[in-house]
Amino acid sequence: MSAPDLPAHAVIDLLGLVALGELLAFERMAVDARLAPDLRRRAALGEMAAAEIGNYRRLADRLAALGVLPDDAMVPYVGALQVYHDSTEPRDWAEAVTKAYVGDAITDDFLREVAIALAEPDRQLVLDVLHDSSYADFAVAEIRAAVEADPRVAGRLSMWARRLVGEALSQAGRVAAAERGAFTALIAQGGQMDVQGLFRRMTEAHSVRMAAAGLNN
């Protein structure tokens, strides 16, 4: 499928959203690393945070190459993304890794499909900053270890994951309604994005991930 002729502002808005997501992910992981039960896990999450800020720099550089200040591209989405993180602050290490596992994966699922609507080099840039499997593998191992140590944790983390998904979808509505409307432009591309199918696939993928971590959907 060839990429549609998207308005320049839609591409800039999307890159701004992704850049902000990477910046906030860096901040979140750096803070959550303090919840780690030992230095090995603390270092692991710190390394993941470093990867997030590296991704942010790539996106910021691309926005600058397009003649846009990264701050200007990101600011329409600060409210929605900050509300999500503020309302889902983890209380312990198990909740922190569950948030990373659930929240980052949902974001990646969405961006992977949205990237289809982009032309190069922006399509590949968005795909490149998605999390690799090591993120999920680490989180799943930590969640399963927590449940093995105390089976009662499974119920709490399952409820936590459902809350994360609910908050993410709620704030997605705010993002879609942001002033410059990148996603309105994307969705309007004559069938390029099947919104109902997109959310169905995201829901199905989330269910598979929950099962992989030993949690209830």
Side-chain angles (χ1 to χ4, degrees), residues 16-37 41-42 44-53 55-56 74-112 114 129-131 134-147 150 152-178 183 198-199 202-217:
L17 173 65
V18 181
L20 179 61
E22 296 290 343
L23 181 60
L24 293 182
F26 160 74
E27 294 177 354
R28 185 197 77 224
M29 288 183 179
V31 170
D32 290 350
R34 295 180 297 182
L35 298 171
R41 292 176 175 88
R42 187 171 184 175
L45 204 60
E47 290 175 356
M48 293 180 187
E52 301 287 3
I53 203 65
N55 288 337
Y56 163 78
M74 293 188 293
V75 74
Y77 307 110
V78 170
L81 269 64
Q82 194 64 61
V83 165
Y84 168 73
H85 286 297
D86 289 346
S87 63
T88 57
E89 185 173 348
R91 296 172 296 178
D92 58 23
W93 175 248
E95 289 190 359
V97 293
T98 301
K99 179 176 179 179
Y101 180 58
V102 172
D104 291 347
I106 289 175
T107 300
D108 285 352
D109 288 345
F110 177 74
L111 293 177
R112 190 175 291 109
V114 169
V129 302
L130 301 183
H131 302 90
S134 63
Y135 282 70
D137 293 343
F138 174 79
V140 167
E142 292 299 306
I143 293 168
R144 286 190 170 275
V147 172
D150 182 359
R152 294 172 300 177
V153 170
R156 175 167 66 88
L157 293 183
S158 295
M159 291 180 62
W160 173 241
R162 287 194 289 272
R163 178 182 169 190
L164 290 168
V165 172
E167 290 287 347
L169 293 177
S170 175
Q171 297 313 318
R174 294 186 62 189
V175 167
F183 299 110
L198 167 62
F199 280 97
M202 289 173 64
T203 299
E204 291 171 350
H206 171 69
S207 297
V208 171
R209 282 189 294 269
M210 292 286 282
L215 301 179
N216 297 319
N217 190 30

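- Note: I53 CD1 to M29 CE = 11.5 Å, rounded to the nearest 0.5 Å.
- Residues meeting the salt bridge (Lys or Arg N to Asp or Glu O under 4.0 Å) test with E22, sequence neighbours left out: none.
- Using a 4.0 Å cut-off between charged side-chain N and carboxylate O, D150 and R156 make no salt bridge.
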List the atom pairs, donor and acceptor, that lie under 3.5 Å between side-chain atoms in residues 205-213 and the rest of the protein, sequence neighbours left out.
unit_1: S207; atom_1: OG; unit_2: T203; atom_2: O; d: 3.1
unit_1: S207; atom_1: OG; unit_2: N217; atom_2: ND2; d: 2.8
unit_1: R209; atom_1: NH1; unit_2: D109; atom_2: OD2; d: 3.0
unit_1: R209; atom_1: NH2; unit_2: D109; atom_2: OD2; d: 2.9

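- Judged as a side chain to side chain donor-acceptor pair (under 3.5 Å), the pairs with a partner in residues 26-36 (not counting sequence neighbours) are, in order, R28-D104.
- To the nearest 0.5 Å, atoms CD1 (I106) and CG (L111) are separated by 12.0 Å.
- When all heavy atoms of A33 and L45 are compared, the closest pair comes out as N-CD2, 3.5 Å.
- Partners of D137 under the side chain to side chain contact (heavy atoms under 4.5 Å, CB included) rule, at least two apart in sequence or in another chain, are S133.
- Considering all non-hydrogen atoms of both residues, T98 and L164 come closest at O-CD1, 4.0 Å.
- Taking 4.5 Å as the limit, some side-chain heavy atom of D92 sits within range of a side-chain heavy atom of E95.
- Here the closest non-hydrogen pair linking Y135 and A51 is OH-CB, 3.2 Å.
- Taken to the nearest 0.5 Å, the CZ atom of R162 stands 11.0 Å off from the CG atom of L157.
- Under the 3.5 Å distance criterion, the side-chain polar atoms of K99 are left unmatched by any main-chain donor or acceptor of P90.
- Legend: residues meeting ring pair (Phe, Tyr, Trp, His ring centres under 6.0 Å) with H85, ordered by chain and number and at least two apart, are absent.
- No donor-acceptor distance shorter than 3.5 angstrom exists from the side chain of D108 to the backbone of L130, with no hydrogens or angles considered.
- What you find for V102 and A161 is that their closest heavy atoms are CG2-CB, 3.9 Å.
- The minimum heavy-atom distance between L35 and W93, with the atom names listed, is O-CB, 3.4 Å.
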Walk me through it: do T88 and W160 pass the test side chain to side chain contact (heavy atoms under 4.5 Å, CB included)?
CA-CA 9 Å; T88 57; W160 173 241; 4.1 Å; yes
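- Nearest heavy-atom pair, A49 versus F26, reported as atom, atom and distance to 0.1 Å: O-CD1, 3.2 Å.
- For the ring pair (Phe, Tyr, Trp, His ring centres under 6.0 Å) test, no residue two or more places apart in sequence or in another chain qualifies with F138.
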